[in-house]
Amino acid sequence: MDGLAFLKTFVVACVLPPGGLVLLVLLGLAIAGRWPRTGRVLASASAIALVLASLPVISTLLVDSLNDAPLYDPVHQRGAGAIVILGGGVRTDSDEYGGSDTLGRLTLERVRYGAWLARETRLPVLVTGGQAGTIDGQTEAGLMRETLEREFRVPVRWVEERAINTRENARNTAALLRKAGIGHVVLVLHGFDVKRARADFEAAGLRVTVAPTLVPVMHPRSIQSWLPSVHALEHTHYAAYEWLALLVRSI
């Protein structure tokens with residue numbers, strides 16, 4: 001991991017939940033000796049916020065605020081010319097695979113859904129993702145193609161492996177597909193990615209139909225929706241990351 005990537009990871013860990021809230025709790029406890037009231041308020045409020053962030057009902061609301069697209073229905077295909085699967089990270093500590101690099105969970109979820117859509121629609125597939133800190137120098141897109149073709153038996157027509165962020169994913173993908181005369185794509189991603197990724201791909205000149213995977217469903221009457229869970233906290237983290245990215249982008 002290079003210096004810039006490490007700095008980004010460090011800042012994200014220190015600002016977004018749960019790390020940011022945990023640090024605020026610790027800060028409140030640390031200053032409580034000198035400023036008792038301020039310290040107690042800060043620690044208590046941060047602890048309450050951490051609990052709220054781990055509630056499925058809250059995480060679902062946050063993800064829904066970033067996703068205004070319905071689930072994709074292949075039956076009502078609207079003239080798209082390709083399926084574009086957006087990378088979402090890799091794993092470099094996969095000892096169970098002999099220590100080789102492999103796809104991270106988010107990317108694997110997108111690859112699986114993209115493979116299913118490819119079979120349903122018979123559209124050609126493009127994968128996009130550049131260097132991602134892999135040990136053996138493979139690109140994210142290269143790992144995605146390998147998984148799609150070897151494990152899901154789905155051919156990949158285009159491989160975009162130079163992009164290092166979503167905006168570059170969009171620009172490089174648009175350039176590749178423009179040569180093939182394709183201007184409308186089905187974009188496979190997660191629900192919390194919809195707002196920012198769709199904007200980037202549309203800005204690159206593509207017409208986009210989003211196909212989000214793992215979109216959480218609200219069940220307000222279910223007791224599980226009101227009980228803290230690690231899965232909900234993870235979704236809150238991703239949603240907070242996207243809102244922060246959108247804020248930075250607007251500045």
Side-chain angles (χ1 to χ4, degrees), residues 4 8 63-90 103 106-107 109-111 113-132 139-145 148-149 154-215 238-239 241-251:
L4 185 59
K8 177 181 177 181
V63 173
D64 282 347
S65 71
L66 290 160
N67 176 31
D68 56 2
L71 293 175
Y72 182 74
D73 186 352
V75 175
H76 301 106
Q77 188 175 325
R78 304 174 183 176
I83 292 173
V84 176
I85 307 176
L86 189 62
V90 301
L103 299 180
L106 295 182
T107 308
E109 289 168 350
R110 297 175 189 184
V111 162
Y113 185 42
W116 183 82
L117 286 177
R119 293 193 186 97
E120 292 292 311
T121 64
R122 299 186 182 277
L123 290 174
V125 174
L126 181 149
V127 293
T128 172
Q131 292 289 342
T139 63
E140 187 174 25
L143 290 170
M144 293 165 73
R145 175 177 60 182
L148 279 163
E149 295 184 342
V154 171
V156 174
R157 184 173 299 183
W158 303 278
V159 179
E160 189 293 299
E161 49 190 352
R162 294 185 295 112
I164 60 173
N165 55 49
T166 307
R167 188 167 297 181
E168 291 186 7
N169 288 133
R171 291 173 179 171
N172 297 347
T173 293
L176 276 175
L177 294 181
R178 195 174 295 118
K179 296 176 182 177
I182 296 174
H184 181 190
V185 301
V186 176
L187 182 61
V188 178
L189 69 181
H190 280 79
F192 49 76
D193 286 316
V194 167
K195 187 181 291 289
R196 185 164 60 97
R198 179 171 54 192
D200 283 337
F201 275 78
E202 289 179 345
L206 290 170
R207 181 183 173 193
V208 177
T209 299
V210 295
T213 183
L214 282 181
V215 178
Y238 292 137
Y241 178 91
E242 288 299 317
W243 277 116
L244 179 61
L246 288 167
L247 176 63
V248 171
R249 179 178 174 175
S250 67
I251 295 177

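Treat the numbers as computed from the prediction; the structure is a model and nothing was measured.
Proximity of Y113 to Y72: side-chain heavy atoms (C-beta onward) are separated by under 4.5 Å at one or more points. In this structure the side chain of I83 never reaches within 4.5 angstrom of the side chain of V185, judged on heavy atoms.
Of the residues listed (L66, V63, L106), the one engaging Y238 in a side-chain contact (heavy atoms from CB on, under 4.5 Å) is L106, and it is the only one.
Here the straight-line distance linking atom OG1 of T173 with atom CD1 of I85 works out to 11.0 Å at 0.5 Å rounding. From F201, atom CZ reaches atom OG1 of T209 across 13.0 Å, with rounding to the nearest 0.5 Å. Rounding to the nearest 0.5 Å gives a distance of 6.5 Å between CG of L176 and CD of E160.
The stretch residues 184-209 participates, sequence neighbours left out, in these salt bridge (Lys or Arg N to Asp or Glu O under 4.0 Å) pairs: D68-R198, R110-D193, R167-D200, R196-E242, D200-R249.
If you check the side chains of T128 and W158, you find no donor sitting under 3.5 Å from an acceptor. Side-chain polar atoms of T213 and H190 form no donor-acceptor pair below 3.5 angstrom.
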Practice task
Starting from the C-alpha separation in whole Å, work towards a yes-or-no answer on side-chain contact (heavy atoms from CB on, under 4.5 Å) for L103 and V111.
Solution key: CA-CA 9 Å; L103 299 180; V111 162; 3.9 Å; yes

Exercise for the section: Please step through side-chain contact (heavy atoms from CB on, under 4.5 Å) for the pair V188 and V84, ending with a clear verdict. Expected result: CA-CA 6 Å; V188 178; V84 176; over 6 Å; no

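Nearest approach of A80 to V186, heavy atoms of both residues: CB-CG2, 3.6 Å. The two residues S65 and W243 come nearest to each other via the heavy atoms OG-NE1, 3.1 Å.
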